[in-house]
Amino acid sequence: MARVQQPTSTAKSKSKPTRRLKSKPRSLRSGRPPLLFPSPTSNIDISRRTTKDTLKATTTKAKSSARPTLSSKHTRTLINTHHLLQKRLATARAQGDTLQIQALEAQLAAQGGLKAYQLASRTGQSRDRGGDSSRQLVRWLEAEVSARREAIRARGQRVHRPDNANADPNAHAVALLRILEVGALSTDNALNILEVTAVRRIDLRSSGPGIEEVDFMDLDLPATCSSADDHAADAGDAGYDVLSLSLVLNYVPDAKARGEMLKRTTLFFRRSRNHSSPPTSLPLAPHDEHDEHDEHDEHDEQITEIRLLPCLFLVLPAPCLENSRYLTSEQLAAMLSSLGYCLVRAKTTRKLHYSLWRYDGSAARDEWVRKGGQTVFKKKEINPGGGRNNFCIVLDGDDGS
Ligand SMILES: C[S@@+](CC[C@H](N)C(=O)[O-])C[C@H]1O[C@@H](n2cnc3c(N)ncnc32)[C@H](O)[C@@H]1O
């Protein structure tokens, strides 16, 4: 049922670069900053524990490991424990359980809080994933980048021709690719492309200059919305061409809040493209490339013309879609289609699922509904069985307009 963009024409395959051999995980004994910080400890007991829950053990472990380096296992443990505590905290908050809230907040603080989690995630980026996911996004946006570079070059030539007396010195201005990176851990990633991109970075906790400390759910919309039909239409030039949500949705501890976050993404896109931006005819790789080995391995790509902008870049841990009781890629595609998105690229690696969704606005939503597409997605077991996880996204069907 997922609305997937169909290819329109096929061009030549790219030559395959030399495949990088996956090296053994490197020792982290040297050259890395400390990941954990002195933090208050808690004596408050946490009552709700399950047998599989090693919360106490892992938190104690995290506390005692306040030393300059962490092993890969430690990093994973810290990240997993942080997610678990956040999830429980969300439940406690929903229940108004003050004691439990205090206990869980103390546990999170003892673990080093969001700061330790972010550092652990950053370590994970470089070590486990062969680099940060922004490189995949840029690879998918390659044609947009090239088109802008070409436009800059062409306009520059026009302006600088010696015989061109009436040349407008501002005529070389080519529209930047405006990117909003939500959940940014660093300002130094592949999204920075001189003269081509303008990147705004936000996070719940800023880890440095250039990253605004703001919750995406509270972020001001690009422009005041006056139309009840389609907020994004009013965003105009102030909106973004690309929104990146890389490993952010799975950070959100509550299924309904995840749905709210997805819904909110649609309000931030730039719609008006009648400025000096280059054409957007872009290559499309075969859907759902599957790579068992390398997170960022190159593929032979069948190049197909397709429009990509404006788009949402979504990265989730692969098990969220491959081993959840409540979610599959098809279900995710149906949810995003119901919001006006269309899947244009996808890639699954051993650890991560990357996808790119073009936003087609309220007309696409209406079309989805007209064809009988589902718009309400409740928590429903679709993949029963043992050994599965409970990752879930809930959409209530109210498009917020
Ligand atoms: C695992 S890190 C991911 C970082 C990076 N994008 C990556 O791909 O590795 C998740 C980050 O998302 C941030 N985050 C989660 N919810 C957010 C929200 N509502 N607004 C802004 N940032 C958020 C967290 O603070 C955290 O730093």
Side-chain angles (χ1 to χ4, degrees), residues 35 37 70 72 75-87 89-90 93 105 108-109 111-140 179-192 199-221 240 242-268 295-296 312-320 347-349 351-356 391 393:
L35 289 183
F37 309 90
L70 278 183
S72 166
T75 304
R76 262 198 316 276
T77 302
L78 194 146
I79 289 171
N80 291 342
T81 309
H82 187 90
H83 283 162
L84 188 61
L85 288 166
Q86 286 287 3
K87 204 172 152 192
L89 187 56
R93 283 187 176 138
E105 283 176 347
L108 276 162
Q111 206 210 18
L114 186 50
K115 187 173 184 179
Y117 170 83
Q118 289 178 326
L119 282 169
S121 297
R122 214 152 59 197
T123 308
Q125 277 185 348
S126 48
R127 185 181 47 217
D128 293 345
R129 297 195 250 134
D132 71 290
S133 57
S134 64
R135 294 198 302 183
Q136 180 60 57
L137 174 55
V138 168
R139 209 169 284 147
W140 277 344
I179 304 175
L180 175 62
E181 187 185 1
V182 181
L185 297 183
S186 163
T187 53
D188 181 24
N189 65 17
L191 301 182
N192 302 334
V199 190
R200 182 179 184 190
R201 294 180 166 93
I202 65 165
D203 200 290
L204 292 176
R205 177 191 165 276
S206 170
S207 47
I211 303 173
E212 294 169 54
E213 189 160 300
V214 56
D215 185 335
F216 173 64
M217 301 310 286
D218 298 329
L219 187 66
D220 286 343
L221 297 180
Y240 299 93
V242 182
L243 239 91
S244 169
L245 276 190
S246 170
L247 296 175
V248 175
L249 206 58
N250 57 300
Y251 183 92
V252 178
D254 172 70
K256 193 164 161 46
R258 289 182 195 129
E260 291 300 321
M261 182 178 263
L262 282 182
K263 214 184 287 180
R264 191 167 166 78
T265 58
T266 63
L267 306 180
F268 286 84
E295 293 300 325
H296 290 284
L312 168 69
F313 178 61
L314 194 61
V315 184
L316 287 167
C320 290
K347 170 178 173 168
T348 309
T349 64
K351 289 187 175 145
L352 300 177
H353 180 81
Y354 304 83
S355 52
L356 197 68
F391 188 76
I393 302 175

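Counting starts at 1 for both ligands and their atoms, following the listed order. When a residue number appears, it is its place in the shown sequence, counting from 1.
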N/O of [X] under 3.5 Å from N/O of ligand 1, yes or no?
X: Arg205; result: no
X: Ser246; result: yes
X: Phe216; result: yes
X: Tyr251; result: no
X: Val248; result: no
X: Leu204; result: yes

Review point. How far apart are the closest heavy atoms of Val199 and Leu191, and which atoms are they?
Key: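 Closest pair (atom of Val199, atom of Leu191, distance): CG2-O, 3.6 Å.
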Is there a donor-acceptor pair closer than 3.5 Å between any side-chain N or O of [X] and the backbone N or O of [Y]?
X: Arg264; Y: Leu219; value: yes
X: Ser206; Y: Ile211; value: yes
X: Asp203; Y: Ala184; value: yes
X: Ser207; Y: Leu185; value: yes

Point to revise | Beyond-backbone contact of Asn189 with Glu181, side-chain heavy atoms, under 4.5 angstrom | key: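 Sidechains of Glu181 and Asn189: in contact.
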Review point. Under a 4.5 Å cut-off applied to non-hydrogen side-chain atoms, are Leu119 and Leu78 in contact?
Key: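 A side-chain contact under 4.5 Å is absent here.
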Does [X] have a non-hydrogen atom less than 4.0 Å from ligand 1?
X: Leu114; result: yes
X: Val214; result: yes
X: Asp203; result: yes
X: Arg122; result: no

Check ligand 1 against [X] and write out every atom of the ligand that is under 4.0 Å from a heavy-atom position of the residue.
X: Leu185; result: 4 (C), 27 (O)
X: Asp215; result: 18 (C), 19 (N), 20 (N)
X: Ser121; result: 1 (C)
X: Ser133; result: 8 (O)
X: Gln118; result: 25 (O), 27 (O)
X: Gly183; result: 4 (C), 5 (C), 6 (N), 11 (C), 12 (O), 13 (C), 22 (N)
X: Met261; result: 18 (C), 19 (N)

Exercise for review: Could you label the plane-to-plane angle of the Phe216 and Phe268 rings as parallel, tilted or perpendicular, counting under 30° as parallel and over 60° as perpendicular?
Suggested key: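 Judged by the thresholds at 30° and 60°, the geometry between Phe216 and Phe268 is tilted.
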Point to revise | Side chains of Arg205 and Tyr117, donor plus acceptor under 3.5 Å | key: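 Side-chain D/A pair, Arg205 to Tyr117: absent.
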**Study point:** Euclidean distance, Gln111 CD relative to His82 NE2, rounded to 0.5 Å
**Key:**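 Reported value, rounded in 0.5 Å steps: 7.0 Å.
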**Study point:** Pair Asp188-Ser186, side chain to side chain donor-acceptor pair (under 3.5 Å): steps then yes or no
**Key:** CA-CA 5 Å; Asp188 181 24; Ser186 163; 5.2 Å; no
